[in-house]
Amino acid sequence: MRKRNLFLTLLATSFMTFGGLTSCGNQVCPPIPEPEATKYAVETLNATHLKVQNLNVTDKVEAGTTITFDVVSDSADYVLDYVKVFYDGLKEIALVKTDAQYTFTMPESNVTIKVAEKDAPYVEPADEVTPVDLTALEFNKDGEVAEKVDWAAMQLRMATEVEAEKLKSATLTYDADNGSSKTHQVNEAKVYNNFITLDSWTSEGGSNGFSRETTTKGYIPGKAYTFNYNQRTTRFGDNSPSSDPTTSTSVKTNKILKEGETYNGIGSMSEDEAIAYTQSTGYLESIVNKAFGENSDIVFYSTTMIPETIKISEPTLAEDGKTYSVEMSGITSTSTINTSCHVYTLKFSIDGDNFLHSLSFKNDYYSSGLDRTNNVLKEDAVLKYTEYNYELVYNRAADKNQGECELDFDKLFTTEYDVNLQYIKYKEYKKYDVDENNVVVGNSTLYPYLSNVKGSPLVEPQLVGSVEEGGLAYNEKDKTFTVNKLGDLTLLFDNGKGDMKEIKVTSEAPVINEMTLTLGNGGSTFFIEDGAQKVNTAILPSLAPQDCTVELVKGSELATLEKKEDGYYVTPTAEGEIGIKATSTEDAAKTKTIYVNLCKKPTVEGVKAFITTHTIFVQSKQYTTDCGWINFNEDGTGSYIASQSGKPKPTTNPQVTFTYVINADFTFTITPTSGDALTVDSYTVTDVQATSNTTLSLKFLYRGSDKGCTIKYMDRIANLDDATKPS
């Protein structure tokens, strides 16, 4: 219908626009009629004893029309459950109620007014609930317990443990959006005195979506059920002439169960048996399992979630003092190249009798806005859609649960469980199972997992350390533990409230992976005048055998090598390059060799004599065309030019001038004539230091990033505008 009207509008517009090209002779052209406005229908779905009345429209109406109606009952024994107005199969219109009259504004869509009743005489029980004693929760103001449990907060599985005798009704709502289609679903199971009702309403979007309502009711006259089953399906299409909405309805009523008969698995039984069956193993369990059951694909805490983002709030007490609520959240990055992510949020509310009142779980997809450095959402993060949003609400039958009940917080924690261990060796990726003797390898990362867990805990037990000091090292970044000591270890597991469990393991020495070797302070140049330099060796991983031998493999005439109690020492005796090699005594294939230069200690006069008679050339190790040239003058001034093309471009990127001072430690203090840094064409020179009379070290940065550089000493170029790359 909309497409047809749009076509008429465009046709009329085209006629008026090009009317000057058409002639009616000497006659006056007739006016073009305005297209009719689109109108929409109002449908009503009445209950048995409650009906829509005084509806102010009898035919289709235009969008924007104010619609009013009343809801009346033919019996005072029947109570209104709800009045809702739906459109587009997915959306619900806000209603304004004044006394018995309801009002809403007509949208650009057909609408359905639905009236539902509580189908039996009903008396609401008094809602008497034991107040919550927060002191029993053991959450302190500093959030210490919250910090313990945040890594496993989504282990909440209490939804399937609701006690049937406390339950009056349960409602599960579900919304999903994948960016192209939407789904909305409501499942409600209600117990009104002897009456049990399950209502399910589903809508799905897309080009030809549908809505479906299913109602199953059971009444208990004595010891028999009377069932009423009603299903109504509406295909609302895409509002085009080729996809007209359609509706179908099926009704099955007054199915009285006789002895031996069953309906949906429920047979003739006593009232208490029927209610308990429906609440614990029938409809309510199926509702819960849709979102939170064993076969659910909802996962909160996973290996892909960013550990630093997992948060758990301290319990907050409701104003009435009867329930407390906890909220948990976490972020999962969806890409390594952009800032898209999923934000997961779980909330639950429990009263003083350990009755779970509500549980919700939401997954928001953000197309951008993740701050990867700090692992938080930015203020301008873009919410693309909510991929799914579950909310489960339980109402308790308080009149069936009188008496004093203290909050049993132990039910939220694991009391019995077995610990199994896996580990990944240093710089490996394969997981190994700990053998029957509980032997692990030193420097390995531990991955515990549990089995035979008793109960439905809020958190799973967590490895928190070892009895032996230094036995385990905690990695804050990825939230893992590393075996940091050899011999017998006692691992400690905490169930979240301080109940510790000990697991005995034995840590054995790992195989050698690599060696490191440095001389003295780790530099590549050493002054003869500074004397002996210690040879520093390390074998990795750290718990592997550390014994090794050291030898001079080059330049034995330039230095001496001596072994002392605390290790090997090299003493320079002449200028030149030497080579030092270390070899593991455990594994002769593991070696490390380094080469260093020995020279005489520079003097200010010697350094200045060299740098003022040469031009210093620097070249990026990553891009050979990225070059720079520096001249130091005898009067304490200098000049610098750089280029991305291998030769200076003084017209577009002219050289800059500076003053310099050589400090007592042979570092240079350079002050540009203008600006804060010695920069040309985005290239900056920093950290200049003389390592000998004829050698400089420096950093050659591009836009602040160190690309590494090669330094060469050229014959003096008077004007750097004429500089070229050396061969």
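Here the structure is a predicted model, which is why all the values come from computation and not from measurement.
Between the side chain of Ser705 and the backbone N or O of Tyr702 there is no donor-acceptor pair closer than 3.5 Å.
Sequence neighbours left out, not one pair with a member in residues 538-552 passes salt bridge (charged side-chain N to carboxylate O under 4.0 Å, His left out). Legend: salt bridge (charged side-chain N to carboxylate O under 4.0 Å, His left out) pairs involving residues 363-387, not counting sequence neighbours, sorted by first then second residue: Lys362-Asp364. Here side-chain hydrogen bond (donor to acceptor under 3.5 Å, both in side chains) pairs that include residues 572-584, with residues two or more places apart or in two chains, are Lys554-Glu577. Identified under the side-chain hydrogen bond (donor to acceptor under 3.5 Å, both in side chains) test for residues 596-609, with sequence neighbours left out: none. Within the structure, no pair that satisfies the salt bridge (charged side-chain N to carboxylate O under 4.0 Å, His left out) test touches residues 655-683, not counting sequence neighbours.
Residues satisfying the salt bridge (Lys or Arg N to Asp or Glu O under 4.0 Å) criterion with Asp706, sequence neighbours excluded, are absent altogether. Judged as a salt bridge (Lys or Arg N to Asp or Glu O under 4.0 Å), and not counting sequence neighbours, the contacts of Lys699 are Asp687. Under the side chain to side chain donor-acceptor pair (under 3.5 Å) criterion, His342 pairs with Asn363, not counting sequence neighbours. Looking at residues two or more places apart in sequence or on another chain, you find a salt bridge (Lys or Arg N to Asp or Glu O under 4.0 Å) between Lys427 and Glu514. Every salt bridge (Lys or Arg N to Asp or Glu O under 4.0 Å) that Asp587 has, sequence neighbours left out, goes to Lys590. Residues that satisfy the ring-ring contact (aromatic ring centres under 6.0 Å, His included) test with Tyr447, not counting sequence neighbours, are absent from this structure.
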Side-chain donor-acceptor pairs of residues 531-541 under 3.5 Å, sequence neighbours excluded:
| residue | atom | partner | partner atom | Å |
| --- | --- | --- | --- | --- |
| Lys534 | NZ | Asp566 | O | 3.1 |
| Asn536 | ND2 | Thr518 | OG1 | 3.4 |
| Asn536 | ND2 | Gly520 | O | 3.0 |

